[in-house]
Amino acid sequence: MPHDTPLISTIVGGLVLAFILGAIANRLRLPPLVGYLVAGVLVGPHTPGFVADQSLAPELAEIGVILLMFGVGLHFSLKDLLSVRGIAVPGAVVQIGFATLLGWGLGAFMGWPTGGSLVFGLALSVASTVVLLKALQERRLVETERGRIAVGWLIVEDLAMVLALVLIPAAASITGDGHGPVEPLSAGLNRLFGLDLGVGGIIAMTLVKVALFVALMLVFGRKLIPWTMHRIAHTGSRELFRLGVLAIALGVAFGASKLFGVSLALGAFFAGMVLAESELSHRAAQESLPLRDAFAVLFFVSVGMLFDPNILIERPLPVLATVFIIVIGKSVAAFLIVLLFRKPISTALTISASLGQIGEFSFILAALGVDLGLLPEEGRDLILAGAIISIIINPLLFFLCDRARPFLESPKREEPATEAAPAAEPSPAPEAPEADSDDVRPTVLNRHAILVGYGRVGSIVGQNLKSSGTPFLVIEDSDKRIAELRSQGIEVLSGNAVSRETLDLANIAGARSLVIAIPNAFEACSIAEQGRTINPSILIVARAHSDAEVDELQQYGADTVIMGEREIALGMVDRLAQVHHDSAPYEDGLATGTIAPTVEPPPEKERLPHL
């Protein structure tokens, strides 16, 4: 029986096109975010062909905003912010003010009202978290000083935008620029007692309600939410835990909006920030990641649906002016601010390039401004055009900064860096200074072991390699584990071993063995395949969770694959044999003479003599 399915068609059309165009963008070494936005343009009303439902897309996008802000709260680190607060806080505030001033000037020149011009300027002042972190991770700069400053700078920008999401609706309700919702408490006082609170009173009332919500979350939420998650975790049900995480994110956001009048985004941010204090925060982030990513994609698609490409032809000069403010104005301001704090040229260049784009917060502010009647639709289109163009040219901005760095830095600053590299040759011990260095250099190790992942399995392997004196290094992408490894004097490369560049930095061509200790079989197969291609004689040891994964890893080049469940079962059998069949003594978890619970490679792939 034929029937209309606008919800299904909107989700399917958006996700399928986003996947295709996101993959193309990734292939072109662009952030997939560009593909998601273009997918939205293609399914929007301003382009021919399929048009997604215009009423459902914004609601799906709202769920995306909630989960996106929940993720920001989960990863919010007050410690990271405090470590660079001396430059990040004043630098970000000044840069936001300067960019907002430039945006306000452009809006005023185009005849927009003051409120709309300020919203436009604010939207241009904040960089994309997704794009900035991806750019730093690709260049292995997250753990460097300039990387920490850039992340701290971004945290301050995010906090400023969270405050803006609170104040903009309050300001819209008391000005003549828009048609924002009337603050209910002040309206009630005015109706009952004829008391007019005025501009300051209404803003103060809004801040009081926000303060009450924050106090409630800090006093009760930080105890109730972690306690609830721990109780759910003890049930052993993964489905309930995942559902609990989503219920907290959506429930707190919706409740905060209805009871305290704060934005859904702010409620979700605080829900994530409170849960981040729990020991289960990492697991909560992992369990909610697939749904967060899916709805985040729908959010970007829905933003792209609002974009009218005709503005690129009809209003090219305002588009160029918007891009100029984002790419040149913000970057130059950040560059000069960092130099004023007497930081190196390399730090100033990295931060200026990192901030030369806009993203998700800009879209949220633009949508809010249009909904409140503050920002004209033309302003939203300019923000979207500026975002797409700035994200596309952001890698070029990094390239130009890398090219300009040798000319801007004095020769005296370069000499110590070139002399420091040979000092690491005698042993891997001198790698300690690398933790504070801004440049990631290739390892000097040769005929060594490469350990991918330093979790529960990798840490045991790593400690064994260290105690036996085997030269090795670790490839890890967790900031916390990287810091722990460096504190122990273990050489570590920050990055993803799936990347060929990361494997080259680990000198896989000269390594004797590769241990893949990560649980993700898809990535493990990719790493094994690249390792075998680069170094055909290397010994590759991997882990698996099923017989299918064992077969797949062997097909992609792994010599020995250890399946955890089989290890556990054989250990239990060995122990039972001692009691019931008087078998040999049980030593270190294995009975003497038992067959090692490993999956041996085929004869033609045996490479143990190379060890």
Side-chain angles (χ1 to χ4, degrees), residues 19 22-35 130-143 147 282 285-286 289-290 292-293 297 395 398 440-443 445 448-459 461-462 472-482 485 491-511 513-536 538-546 548-562:
F19 167 71
I24 294 175
N26 186 66
R27 184 70 176 174
L28 297 175
R29 301 185 67 84
L30 294 172
L33 175 61
V34 176
V130 176
V131 177
L132 185 144
L133 289 178
K134 180 176 175 60
L136 295 180
Q137 287 169 353
E138 285 181 348
R139 292 160 180 82
R140 295 169 301 281
L141 295 174
V142 175
E143 282 299 306
H282 183 67
Q286 286 184 323
L289 184 61
R292 277 194 289 132
D293 285 346
V297 169
F398 270 98
V440 179
R441 301 184 180 93
T443 183
L445 295 178
H448 58 294
I450 299 174
L451 174 58
V452 179
Y454 205 75
R456 291 183 298 175
V457 175
S459 59
V461 176
F472 77 103
L473 62 83
V474 178
I475 298 177
E476 178 59 66
D477 58 4
S478 169
D479 298 344
K480 183 178 179 180
R481 290 172 184 164
I482 289 171
L485 285 164
E491 183 176 354
V492 57
L493 285 176
S494 174
N496 192 328
V498 174
S499 167
R500 170 65 185 266
E501 187 177 359
T502 302
L503 292 176
D504 289 339
L505 288 171
N507 188 23
I508 192 169
S513 60
L514 171 64
V515 182
I516 307 174
I518 58 175
N520 188 317
F522 180 79
E523 290 189 356
C525 287
S526 176
I527 296 168
E529 183 180 26
Q530 292 190 75
R532 180 63 64 213
T533 302
I534 299 171
N535 186 348
I538 194 172
L539 172 71
I540 301 178
V541 182
R543 59 181 288 195
H545 292 290
S546 65
E549 289 184 2
V550 171
D551 295 337
E552 190 175 11
L553 282 163
Q554 285 185 329
Q555 290 175 7
Y556 280 94
D559 293 292
T560 302
V561 184
I562 312 295

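Keep in mind that the numbers below use all heavy atoms, side chains included, and drop hydrogens, waters and symmetry copies.
Atoms CZ and CG, from Arg543 and Asn520 in turn, are 10.5 Å apart once rounded to the nearest 0.5 Å. Annotation: the span from Ile562 atom CD1 to His545 atom NE2 amounts to 13.0 Å, rounded to 0.5 Å. Note that CD of Gln530 and CG of Asp504 are 9.0 Å apart. Values are rounded to the nearest 0.5 Å. Between Asp559 atom CG and Leu539 atom CG the span is 5.0 Å, to the nearest 0.5 Å. Taking CD1 from Ile508 and CZ from Arg532, the interatomic distance works out to 9.5 Å, rounded to the nearest 0.5 Å. For the atom pair CG of Leu33 and CG of Asn26, the computed distance is 12.5 Å after rounding to the nearest 0.5 Å.
Shown are Leu485, Ile482, Val515, Ile450; of these, the side-chain contact (heavy atoms from CB on, under 4.5 Å) with Val474 is made only by Leu485. Of the candidates Ile527, Ile475, Ile518, Val498 forms a side-chain contact (heavy atoms from CB on, under 4.5 Å) with just one, namely Ile527.
Contact record, Ser513 with Ala449: OG-CB, 3.2 Å, taken as the closest heavy-atom pair. The heavy-atom pair separating Ala558 from Ala542 by the smallest distance is CB-CB, 4.5 Å. When all heavy atoms are compared, the tightest approach of Ala506 to His448 is O-NE2, 2.8 Å. A pairwise comparison of heavy atoms in Leu553 and Ala544 identifies CD1-CB, 4.1 Å as the closest pair. Ile540 and Ala528 make their closest contact through CD1-O, 3.6 Å (heavy atoms, listed as atom of the first residue, atom of the second, distance). Closest approach of Leu451 to Ala517, counting heavy atoms only: CD1-CB, 4.1 Å.
Side-chain contact between Asp293 and Val297 is absent, with no heavy-atom pair separated by less than 4.5 Å. Asn496 has its side chain out of reach of Thr502: every pair of non-hydrogen atoms, C-beta onward, lies at least 4.5 Å apart. Side-chain atoms of Val561 and Glu549, non-hydrogen and from C-beta on, never get closer than 4.5 Å to each other.
With hydrogens and angles ignored, the 3.5 Å screen pairs no side-chain donor or acceptor of Asn507 with any backbone N or O of Thr443. With Glu476 contributing its side chain and Tyr454 its backbone, the two residues share a donor-acceptor pair below 3.5 Å.
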